[in-house]
Colleague: 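Provided herewith is a single structure, encoded as structure tokens, for subsequent inquiry.
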Amino acid sequence: MQPILDSINSPDDLRQLERAQLPQLADELRAFLIESVSKTGGHLSSNLGTVELTIALHYVFDTPQDKLVWDVGHQTYSHKILTGRREAMSGLRMAGGISGFPKRNESSYDAFGTGHSSTSISAALGMAVAAKLRGTDERAVAIIGDGALTGGMAFEALNNAGAMDANLLVILNDNDMSISRPVGALNNYLAKLMSGRFYAAMRRGSEKVLKGMPPVLEFAKRTEEHLKGMVIPGTMFEEFGFNYIGPIDGHDLDTLVDTLSNIRKLEGPQFLHIVTQKGKGYAKAEDDCVLYHGVGKFDPDHGVKPTANCKMSYTQVFGDWLCDAAEADTRLLGITPAMCEGSGMVEFAEKFPERYFDVGIAEQHALTFAAGLACDGFKPVVAIYSTFLQRAYDQLIHDIAIQNLPVVLAIDRGGLVGADGATHAGSFDLSYLRSIPNMTVMTPADENECRQMLSTAFSLDTPSAVRYPRGCGPGAEVQKNLDTLPVGKGEVCREGKQVAILAFGSMLAPALQAAAQIDATVANMRFVKPLDKELVLKLAREHVLLVTVEENALQGGAGSAVAECLAQHGVTVSIMHLGLPDEFLEQGDPVQMLADCGLDAAGIARAIREKIAE
């Protein structure tokens, strides 16, 4: 049997295949995915589950004229391979290589750039309406998972789309998974809907029997909606104005191609419900699709092996602290927007199930839910990635900060995140947090300080945030206590001459290394808000140059806070700000990315020498 995948360099090549060849292509594509991702790392389970769907979509639709919009986009490796990027997969998620998510500037087949969830229906609706306004026959397809469908934005788009006469197809990829297992009433609805599959079989059988009896068939059609309501628990998507089709087997290529071909001819909003298995075709991923959701390099024969890159990651520090603090105070509640494993809450969820709340992919709801709990005497801790907190900025201001409620934000992935690139980098949180009244914003320099800051945040009766980076710290010994730090106070860690480096969070370690080369003073500032103004003014009076260093966008960040402090007090001193540049940084090795930004020890020392030499 001749291999097929090597001959597919575009969807045009795919569309030249006979239908009977598609299952072989799916097998080859799945094998290629496992082999490729084992060498680069990346998202595996989600991509194995969408192989047949991807083939069918490109086989039926006239891409790139017809637009495919993938929600989140972590399931698009097959899409990339079939659209001319097979060879480029060897550089997946690496500096200079292709992204792990769709990107408009990477390929004309990537209709919309993604990385966050619940955006696909809105974007695809915009494209469908654009085609209608132009008077063209282009189709727009949104592919969204059952986990992403829990996001409120998806329902806003469904509500709007149902009222429009645009040629939009929404495909619900129902695999009963997001990253963590999805929760809530919608997931229960989908489970019940799938369990009612006999309805579809009953309908097909009835039509076959009644074909010879037109009056009876017409009567059956007229009463179909009533019968649906009796057989399955509601027709929610039809109530939104969509023509609902399904559920069908998302791994059955014949059924997929036939169904999509029929839908391609229909007018107006269509909703196709398919059922797939995350990790399909690789037994280890099928058995543990959470472990294989995002993987590093691994041996396909032996699977993913746990790796310990450091003594304790910041995420582990948070998870341990959360359990200890919950033991000490029954008011503590833990909340996550569908990131239990990623945020380090697994042990807490097991020990305190009645105090653990996974609200699904619903960041806005997570914060206002926390605000409601805080209003009634509880002290919620919301574990959230920096990049996902951006999605709930209004709720942070309107529902938490204005009411000055004691909600703790444990913000993981602050700063650069490496292979996931710009959509997942926590580059802006210090800037957008410190501008909010009533907020306390902390940046730990090591693992033990992270634990102390979490305790400090929980001790406050006002909103607070502890922002820590992905992965490992410098290796500090973590003390198993609930000690707090004095709010708004930094500390001088090294005495030097002429130059004072004001380091925030993760930048303390490279700042100390740089200072040893140039004999500079180093201060661990700890608090971005309230800033330790006394320390800033003291250092300004005693040195000729102040240097602020942060793993955050320079605009409006911690360095800006220092400059504002000096201006408010009329203090004039030479000052230099080091931080992330004013651009979206692509994927790469995080250590090298920091070096490229001049935020390693060598870069900090070099920048200071150049400033002094001016």
Colleague: In Å, rounded to the nearest 0.5 Å, how long is the span from CG of L580 to CD of Q555?
Modeller: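 So the CG of L580 and the CD of Q555 are separated by 9.5 Å.
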
Colleague: Could you check whether any side-chain heavy atom of T336 comes within less than 4.5 Å of a side-chain heavy atom of V359, counting everything from C-beta outward?
Modeller: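 Contact flag for T336/V359 side chains = no.
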
Colleague: Under a 3.5 Å cutoff, is there a donor and acceptor pairing between the side chains of T276 and N173?
Modeller: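 The criterion, which ignores hydrogens and geometry beyond distance, is satisfied for N173 and T276.
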
Colleague: Anything under 30° is parallel, anything over 60° is perpendicular, the rest tilted; go ahead and classify H58 against H79.
Modeller: parallel

Colleague: Could you check whether any side-chain N or O of T114 sits under 3.5 Å from a backbone N or O of H116, counting only pairs where one atom can act as donor and the other as acceptor?
Modeller: no

Colleague: Looking at I411, is its backbone amide N or carbonyl O close enough to the side chain of R467 to form a donor-acceptor pair, meaning the two atoms are under 3.5 Å apart?
Modeller: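 Between the backbone of I411 and the side chain of R467 there is no qualifying donor-acceptor contact (under 3.5 Å).
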
Colleague: For the pair D110 and K67, evaluate salt bridge (Lys or Arg N to Asp or Glu O under 4.0 Å) and give the outcome as yes or no after the intermediate values.
Modeller: CA-CA 8 Å; D110 292 359; K67 307 296 195 300; over 6 Å; no

Colleague: I need the minimum non-hydrogen distance between S118 and I361, along with the two atoms involved.
Modeller: OG-CG2, 4.4 Å

Colleague: Taking the side chain as C-beta and beyond, is there a heavy-atom pair between E286 and K280 under 4.5 Å?
Modeller: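 Yes, at least one pair of side-chain atoms sits under 4.5 Å.
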
Colleague: When you look at I144 and V170, which way does the side chain to side chain contact (heavy atoms under 4.5 Å, CB included) test go after all the steps?
Modeller: CA-CA 7 Å; I144 186 168; V170 176; 4.0 Å; yes

Colleague: Indicate yes or no: at least one non-hydrogen side-chain atom of F318 is less than 4.5 angstrom from one of S313.
Modeller: no

Colleague: Kindly assign one of parallel, tilted or perpendicular to the pair H424 and F101, based on the angle between their ring planes and the thresholds 30° and 60°.
Modeller: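 It falls in the parallel class, under 30°.
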
Colleague: How far apart are the C-alpha atoms of D287 and K284, what are their side-chain angles, what is the distance that settles it, and do they pass the salt bridge (Lys or Arg N to Asp or Glu O under 4.0 Å) test?
Modeller: CA-CA 5 Å; D287 292 340; K284 294 178 174 61; over 6 Å; no

Colleague: Taking everything shown except D299 itself, do over 12 heavy atoms lie less than 6.0 Å from its CG?
Modeller: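 Yes, enclosed.
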
Colleague: Can any side-chain N or O of S46 pair as donor or acceptor with the backbone N or O of H74 at less than 3.5 Å?
Modeller: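 Yes.
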
Colleague: Ring-plane angle category for Y282 and Y292, please: parallel below 30°, perpendicular beyond 60°, tilted otherwise.
Modeller: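 Rings of Y282 and Y292: perpendicular, as their planes differ by over 60°.
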
Colleague: Are R93 and S99 side-chain neighbours, meaning at least one heavy-atom pair lies under 4.5 Å?
Modeller: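 R93 does not reach S99 side chain to side chain.
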
Colleague: Which atom pair, heavy atoms only, marks the closest approach of G579 to L554?
Modeller: N-CD2, 3.4 Å

Colleague: Just wondering, do M339 and M345 contact through their side chains at under 4.5 Å, heavy atoms?
Modeller: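 The answer is no, as the side chains (C-beta and beyond) never meet within the 4.5 Å cut-off.
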
Colleague: Scan side-chain atoms only and decide if N552 and S431 contain a donor-acceptor pair under the 3.5 Å cut-off.
Modeller: yes

Colleague: How far apart are the C-alpha atoms of R15 and L17, what are their side-chain angles, what is the distance that settles it, and do they pass the side chain to side chain contact (heavy atoms under 4.5 Å, CB included) test?
Modeller: CA-CA 5 Å; R15 291 189 278 267; L17 298 179; over 6 Å; no

Colleague: Under a 4.5 Å cut-off applied to non-hydrogen side-chain atoms, are Y314 and P469 in contact?
Modeller: yes

Colleague: Evaluate whether atom CD of Q2 has more than 12 neighbouring non-hydrogen atoms of other residues, nucleotides or ligands under 6.0 angstrom away.
Modeller: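 No, the 6.0 Å shell around CD holds no more than 12 heavy atoms from other groups.
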
Colleague: Dump the intermediate steps for side chain to side chain contact (heavy atoms under 4.5 Å, CB included) on V295 and S38, then the final yes or no.
Modeller: CA-CA 8 Å; V295 297; S38 74; over 6 Å; no

Colleague: What pairs with T423 under side chain to side chain donor-acceptor pair (under 3.5 Å), at least two apart in sequence or on another chain?
Modeller: none

Colleague: Does the salt bridge (Lys or Arg N to Asp or Glu O under 4.0 Å) test come out yes or no for E586 and K103, once each step is laid out?
Modeller: CA-CA 11 Å; E586 302 301 338; K103 295 189 68 175; 2.5 Å; yes

Colleague: Verify whether one side chain among D249 and T255 offers a donor that lies under 3.5 Å from an acceptor in the other.
Modeller: no

Colleague: T40 and S90: which non-hydrogen atoms are nearest, and at how many Å?
Modeller: CG2-O, 3.6 Å

Colleague: Could I get the full list of side chain to side chain donor-acceptor pair (under 3.5 Å) partners for H43, not counting sequence neighbours?
Modeller: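 For H43 there are no side chain to side chain donor-acceptor pair (under 3.5 Å) partners, ignoring immediate neighbours.
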
Colleague: Could you tabulate the donor-acceptor pairs under 3.5 Å formed by side-chain atoms of residues 262-272, not counting sequence neighbours?
Modeller:
residue	atom	partner	partner atom	Å
N262	ND2	D258	O	3.3
R264	NE	D66	OD2	3.2
R264	NH2	D66	OD2	3.4
E267	OE1	N167	ND2	3.3
E267	OE2	R139	NH2	3.3
Q270	OE1	N243	ND2	2.8
Q270	NE2	E267	O	2.9
Q270	NE2	G268	O	3.4

Colleague: Under 3.5 Å, is there a donor-acceptor pair linking the side chains of Q592 and D596?
Modeller: yes

Colleague: How long is the gap from OG on S45 to CG on D288, to the nearest 0.5 Å?
Modeller: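 CG of D288 is found 8.0 Å from OG of S45.
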
Colleague: Got T63 and L57 here, is their nearest side-chain heavy-atom distance under 4.5 Å?
Modeller: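 With C-beta onward as the side chain, the pair stays apart.
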
Colleague: Could you walk me through whether T315 and D412 satisfy the side chain to side chain donor-acceptor pair (under 3.5 Å) test, starting with their C-alpha distance in whole Å, then the side-chain angles of each, then the deciding distance to 0.1 Å, before giving a yes or no?
Modeller: CA-CA 7 Å; T315 302; D412 205 332; 2.6 Å; yes

Colleague: What heavy-atom pair brings V69 and A123 nearest, and what distance separates the two atoms?
Modeller: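 Heavy-atom minimum between the residues: CG1-CB, 4.2 Å.
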
Colleague: Let me see the working for Y77 and S36 under side chain to side chain contact (heavy atoms under 4.5 Å, CB included), right down to the final yes or no.
Modeller: CA-CA 10 Å; Y77 295 0; S36 178; over 6 Å; no

Colleague: Between Q75 and T50, does any side-chain donor sit less than 3.5 Å from a side-chain acceptor?
Modeller: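 Per modelled atom types, Q75 and T50 side chains form no pair under 3.5 Å.
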
Colleague: State the CD-CG distance between E551 and L599, to the nearest 0.5 angstrom.
Modeller: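 Taking CD in E551 and CG in L599, the distance rounds to 7.0 Å.
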
Colleague: Regarding D71 and S117, is there a side-chain donor-to-acceptor distance under 3.5 Å anywhere?
Modeller: no

Colleague: To check you understand the geometry: which heavy-atom pair defines the closest contact between T76 and W70, and what is its length?
Modeller: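 Taking every non-hydrogen atom into account, CG2-CG, 3.3 Å.
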
Colleague: So, for P337 and A366, which heavy atoms are closest and what is the spacing to 0.1 Å?
Modeller: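 Closest approach of P337 to A366, heavy atoms only: CB-CB, 4.4 Å.
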
Colleague: More than 12 non-hydrogen atoms from neighbouring residues, nucleotides or ligands closer than 6.0 Å to CZ on R19, yes or no?
Modeller: yes

Colleague: Do the side chains of K80 and E106 get nearer than 4.5 Å, heavy atoms only?
Modeller: yes

